[in-house]
Protein chains: 2
Amino acid sequence: MSNKNIGIKDVAVAAGVSVTTVSHVLNEVAYARISPETRGKVRSIAEQLGYGPNRLAQALRTQRTGMLGLVSEGIATTPHAGHIILGADEAAKARGYNLMIINTSGSASLESRQADVEALLERRVDGILYATMYHRNVELPANLGSVPSVLVDSVATGGNITAVIPDEEGGARAAVGALLAAGHTRVGFINNTDDVPATSQRLHAFRATLTEAGLDGDAAPVESEVSEVQGGYEAARRILAREDRPTGLFCYNDRMAMGAYRAAAELGLSIPADLSVVGFDDQELIAANLHPGLTTVALPHYEMGAWATEHLIDAVEGKTDLALMAPHPTILSCPLVRRDSIAAPRQ
Amino acid sequence: MSNKNIGIKDVAVAAGVSVTTVSHVLNEVAYARISPETRGKVRSIAEQLGYGPNRLAQALRTQRTGMLGLVSEGIATTPHAGHIILGADEAAKARGYNLMIINTSGSASLESRQADVEALLERRVDGILYATMYHRNVELPANLGSVPSVLVDSVATGGNITAVIPDEEGGARAAVGALLAAGHTRVGFINNTDDVPATSQRLHAFRATLTEAGLDGDAAPVESEVSEVQGGYEAARRILAREDRPTGLFCYNDRMAMGAYRAAAELGLSIPADLSVVGFDDQELIAANLHPGLTTVALPHYEMGAWATEHLIDAVEGKTDLALMAPHPTILSCPLVRRDSIAAPRQ
DNA sequence: GTTCTTGTTGCTCATCTGTCTCCCACGTCC
DNA sequence: GGACGTGGGAGACAGATGAGCAACAAGAAC
């Protein structure tokens, strides 16, 4: 257990050497030539005294804090933020960095979000991660540019900043592909009504995947509603009321899929025997707990957090130039998570 | 937008005064005698230049960082951590503090958790919040004691540290009370099997509340299973198979309630017409999205985070002595959240 | 009416926080 | 008299803090 009132100076006195020497030894300074005996003595005394470096003083001197700022939207609103934080925290810890986290709101004014960044800047974080709650275009506070920064799960409007986002199209293709692979030929899509990248990209992938499989992608049924359980329910009721009722349903997210489950139950349709369902998001609380378990596409929140942190640290340490990556966002894949909601269609 | 290369010195030069004067003005030092004109000039020049204080240097000198460490378990595993973080972040921000967050695992070794605390200590946080994932007894790293600390959602084993926990009994009483108020006389409890405070306290409150209402609390049916959806399902099947089938069900948590919903559906029991259900936790993803919406008891995670932060800051600023509060944990109430899963029993 | 005292105002100097880092100073041995 | 081996001194990082110093005014003593 370390006593935080012990400084390098105390170690120096106790070891009978100069402060400089202690610093050299403890930091293993390359050019410092100090005898093994002295090194040993300094180290053992430092340990005895429970010396721990004062990172503040270090940071002041070296202009490096070893801290990364993370401004995250909706920390408590979705489980997504938690995964981003976790990915970032583990990546940061692995390289000796720590995280300063500030919660913000996507709907907060630009000034208030700028103030959040300002707080981080005053504390001299080495870099900033800016994470949004869902994949969209954000307007970034201007002061973000003053240190290396990476955007997580969004792209900046008109912005030239390194960003990492999920592969919406690939995920949607995997979802639809799983339905096709199970033998379904009548596949419907329950889509979101928001104007976000996911809405159009998943729709596009849905149609394209069907078409590439020799089906009529353009004619495949699509119903849109707000992306909540109730919306999913309503859209599913409509889509399942068609005379060419789909046997496979791709849902914009797990919540909508949950609504689809209810619609199916009300119609006496058993999942997956009568209807196969795929979701999106892999919100474990929902997907794993529905009955049967929902096969869905996972969003790589953990991975995005980790990727962003890795590259941010690389940039901070001069191993990378973020500007090179800024023009195009990095796309991380969305893997299919298989559970029990897909089966072959009835003959 | 502030340029972080501007220091107090630059302001001093531009204003034609000494560094000391700038510091005095900007910090509104009480005993400093400086003319209003000079004050005005300093302030306007500071603003013009976009001066922002270097909190590192400040902290080094004043021995106050304005940072609070938060070590939290399972940041991504439950939504609970997010609420604690949010409560802490908002309380901290309101008083000019920021949060350094470190994720840890409840199952991690004591040494590894001690290292987490050590990282915070090296950065000279003013205080530490230690949050667990669920209400239980934890063994705390010893170095936690070196700065003011507050434990969130747990009590320390044998520990003398200020803690804040949820009112398990009160919450359970509210849940059972709601069932009784609706007119139910045959009420069952689906309990957890883990040996945590909630298990025994909720059971106790369940029986006591029934007894106080003139029913036979000791004879009321209780079935225990692992506190997941499947466990809830199994326990509900058992409890609903009794000949004196309960018309009201209190479930240990929302996940178990979700299982009970399925059991009821399979038995052709409609909620709430044939069976009223109350959960615990208010996990919105589940409770609000089940059909009908689940009436449940909310755990005060946000409030605990905020309470802990408030009191921690008070202690840091010398306004409170945490030792006074250490002997007994503070208990925060668990309010009932009414949705649509309770109705009067059929005649 | 001049000088001295005392008080007030307005601001600055020196020092401190804990650590790093460039540069220099010894001695010793060829 | 260089080269080598060992180690130390003195800023610097950015700001905080309390003692201290001019300058001036009012009042007092002569």
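So that the names make sense, note that chain A is the first sequence line, chain B the second, and so on, each numbered from 1.
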Check the distance between D/dG9's P and A/Ile8's CD1 and give it to me in whole angstrom.
14 Å

Within 45° of the six-membered ring axis of A/Tyr97 and under 6.0 Å from that ring's centre, is NZ or CZ of A/Arg95 located there?
no

Salt-bridge criterion met for A/Glu73 and A/Arg136 (N-O under 4.0 Å)
yes

Please determine whether a side-chain nitrogen or oxygen atom of B/Thr62 lies at a distance below 4.0 Å from atom OP1 or OP2 of D/dA16.
no

Tell me the interatomic distance from B/Leu56, atom CG, to C/dC16, atom P, rounded to whole angstroms.
22 Å

Report the distance from atom CD of B/Glu28 to atom P of D/dT17, rounded to the nearest whole Å.
14 Å

B/Arg123 atom CZ is separated from C/dG18 atom P, nearest whole Å, by 18 Å

Fit a plane to each ring of A/His301 and A/His80, take the angle between them on a 0 to 90° scale, and name the class: parallel (under 30°), tilted (30 to 60°) or perpendicular (over 60°).
parallel

Send over the distance from A/Lys9 NZ to D/dA10 P, rounded to a whole Å.
14 Å

Whether A/Lys93 and B/Asp116 form a salt bridge (side-chain N of Lys/Arg under 4.0 Å from carboxylate O of Asp/Glu) is what I want to check.
yes

Option among B/Asp89, B/Leu120, B/Val125, B/Asp126 that satisfies the side chain to side chain contact (heavy atoms under 4.5 Å, CB included) test with B/Leu68
B/Asp126

When the distance from CZ of B/Arg39 to P of C/dT9 is rounded to whole Å, what number comes out?
13 Å

Salt-bridge present (A/Glu28, A/Arg43; N to O < 4.0 Å):
yes

Is there a side-chain polar atom (N or O) of A/Ser35 under 4.0 Å from OP1 or OP2 of D/dG7?
yes

side-chain N/O A/Thr21 vs D/dG8 OP1/OP2, d < 4.0 Å
yes

What is the separation between atom CZ on B/Arg33 and atom P on C/dG7, rounded to the nearest whole Å?
14 Å

Within the pair A/Thr20 and D/dG8, is there a side-chain N or O less than 4.0 Å away from OP1 or OP2?
no

Check the distance between C/dT21's C1' and A/Gln58's CD and give it to me in whole angstrom.
13 Å

Of C/dC11, C/dG18, D/dT17, the nucleotide closest to the side chain of B/Ile34 is C/dC11

Is the shortest side-chain N/O distance from A/Gln63 to OP1 or OP2 of D/dC13 below 4.0 Å?
no

Among the nucleotides D/dG9, C/dT12, D/dA14, which one has an atom lying closest to any side-chain atom of A/Ser18?
D/dG9

So which one's nearest nucleotide on DNA chain C is more toward 5', B/Arg61 or B/Val17?
B/Val17

Closest listed nucleotide, where the reference is the side chain of A/Leu60 and the choices are C/dT21, D/dC13, C/dT19
D/dC13

Under 4.0 angstrom, heavy atoms only, what part of the nucleic acid is A/Val29 near: base, sugar-phosphate, or nothing?
nothing

Go nucleotide by nucleotide along DNA chain C from the 5' end; which of B/Val19 and A/Arg55 gets its closest nucleotide reached first?
B/Val19

Given C/dC11, is OP1 or OP2 found less than 4.0 Å from the side-chain N or O atoms of B/Thr38?
yes

Under 4.0 Å: is that the gap between some side-chain N or O of B/Tyr31 and OP1 or OP2 of C/dT9?
no

Below the 4.0 Å mark, does C/dT17 have OP1 or OP2 next to a side-chain nitrogen or oxygen of A/Asn54?
no

